[in-house]
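Structure first, commentary second.
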Amino acid sequence: MYPVEKEPLPQAGHAEIRIVAATPEAARAVAEVIRRCFAGTEQRSYPAAAGGTRLHLTVDTESAAGPALSWLTTSRPSAHTGAHGDEV
């Protein structure tokens, strides 16, 4: 379980994304896919438990492109949304 960070919320129209992977290459591959859908800031990389990698990036959800834009405009909240077991 990862500790919950006490960071302020991102500004309106932005989202903070945390990627945890066994290797830096896997984390970067996921970040690349996200960047194809959203404008974003420079990624920040940190070591994770057991030698893995944590990658943090901030995306601008108001500048969505392609698949993300169509998904955002049609999505509805799910009745099953909520925190994962390791999230608050």
Side-chain angles (χ1 to χ4, degrees):
M1 191 154 125
Y2 297 101
V4 176
E5 297 178 27
K6 303 289 184 194
E7 294 182 10
L9 291 174
Q11 64 184 358
H14 289 77
E16 290 285 330
I17 299 175
R18 307 287 193 254
I19 301 165
V20 180
T23 65
E25 293 79 18
R28 282 193 293 269
V30 172
E32 181 61 32
V33 170
I34 292 168
R35 280 203 264 345
R36 289 180 185 167
C37 296
F38 296 99
T41 63
E42 186 69 27
Q43 63 195 30
R44 296 151 334 264
S45 179
Y46 307 93
T53 297
R54 285 187 317 149
L55 193 121
H56 298 187
L57 61 149
T58 303
V59 296
D60 181 351
T61 60
E62 294 177 345
S63 295
L69 183 59
S70 62
W71 177 83
L72 285 170
T73 58
T74 60
S75 66
R76 291 188 175 87
S78 169
H80 301 288
T81 58
H84 290 242
D86 64 344
E87 299 174 330
V88 175

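Sequential numbering from 1 along the given sequence is applied to the chain's residues.
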For [X] versus [Y], what's the shortest heavy-atom pair and its separation?
X     : Y     : value
Ala21 : Ala26 : CB-CB, 3.9 Å
Ala31 : Leu57 : CB-CD2, 4.2 Å
Gly13 : Asp60 : O-OD1, 3.2 Å

field: Non-neighbouring partners of Ala22 that pass side chain to side chain contact (heavy atoms under 4.5 Å, CB included), sequence neighbours left out
entry: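 With sequence neighbours excluded, Ala22 shows a side chain to side chain contact (heavy atoms under 4.5 Å, CB included) to no residue whatsoever.
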Residues forming a side chain to side chain contact (heavy atoms under 4.5 Å, CB included) with Ala29, sequence neighbours excluded: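 Not a single residue meets the side chain to side chain contact (heavy atoms under 4.5 Å, CB included) criterion with Ala29.
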Inter-residue atom distance [X].[atom1] - [Y].[atom2], 0.5 Å rounding:
X     : Y     : atom1 : atom2 : value
Phe38 : His14 : CZ    : NE2   : 11.5 Å
His56 : Arg18 : NE2   : CZ    : 4.5 Å
Gln43 : Ile17 : CD    : CD1   : 11.0 Å

- request: Can you sort out the partners of Thr58 under side-chain hydrogen bond (donor to acceptor under 3.5 Å, both in side chains), two or more places apart, ordered by chain and number?
  value: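 For Thr58 the side-chain hydrogen bond (donor to acceptor under 3.5 Å, both in side chains) partners, ignoring immediate neighbours, are Glu16.
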field: Which residues share a side-chain hydrogen bond (donor to acceptor under 3.5 Å, both in side chains) with Glu25, sequence neighbours left out
entry: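 Per chain and number, Glu25 pairs via side-chain hydrogen bond (donor to acceptor under 3.5 Å, both in side chains) with no residue.
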Non-neighbouring partners of Arg35 that pass salt bridge (Lys or Arg N to Asp or Glu O under 4.0 Å), sequence neighbours left out: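 Scan of Arg35 (salt bridge (Lys or Arg N to Asp or Glu O under 4.0 Å), adjacent residues dropped) gives none.
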- prompt: Between Glu32 and Arg36, is there a side-chain N and carboxylate O pair less than 4.0 Å apart?
  reply: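 A salt bridge links Glu32 with Arg36.
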message: Please determine whether side-chain contact (heavy atoms from CB on, under 4.5 Å) holds for the pair Leu55 and Val30, giving the CA-CA distance in whole Å, both sets of side-chain angles, and the decisive distance to 0.1 Å.
response: CA-CA 10 Å; Leu55 193 121; Val30 172; over 6 Å; no
query: Does a side-chain heavy-atom distance below 4.5 Å link Pro47 with Thr53?
result: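 Pro47 does not reach Thr53 side chain to side chain.
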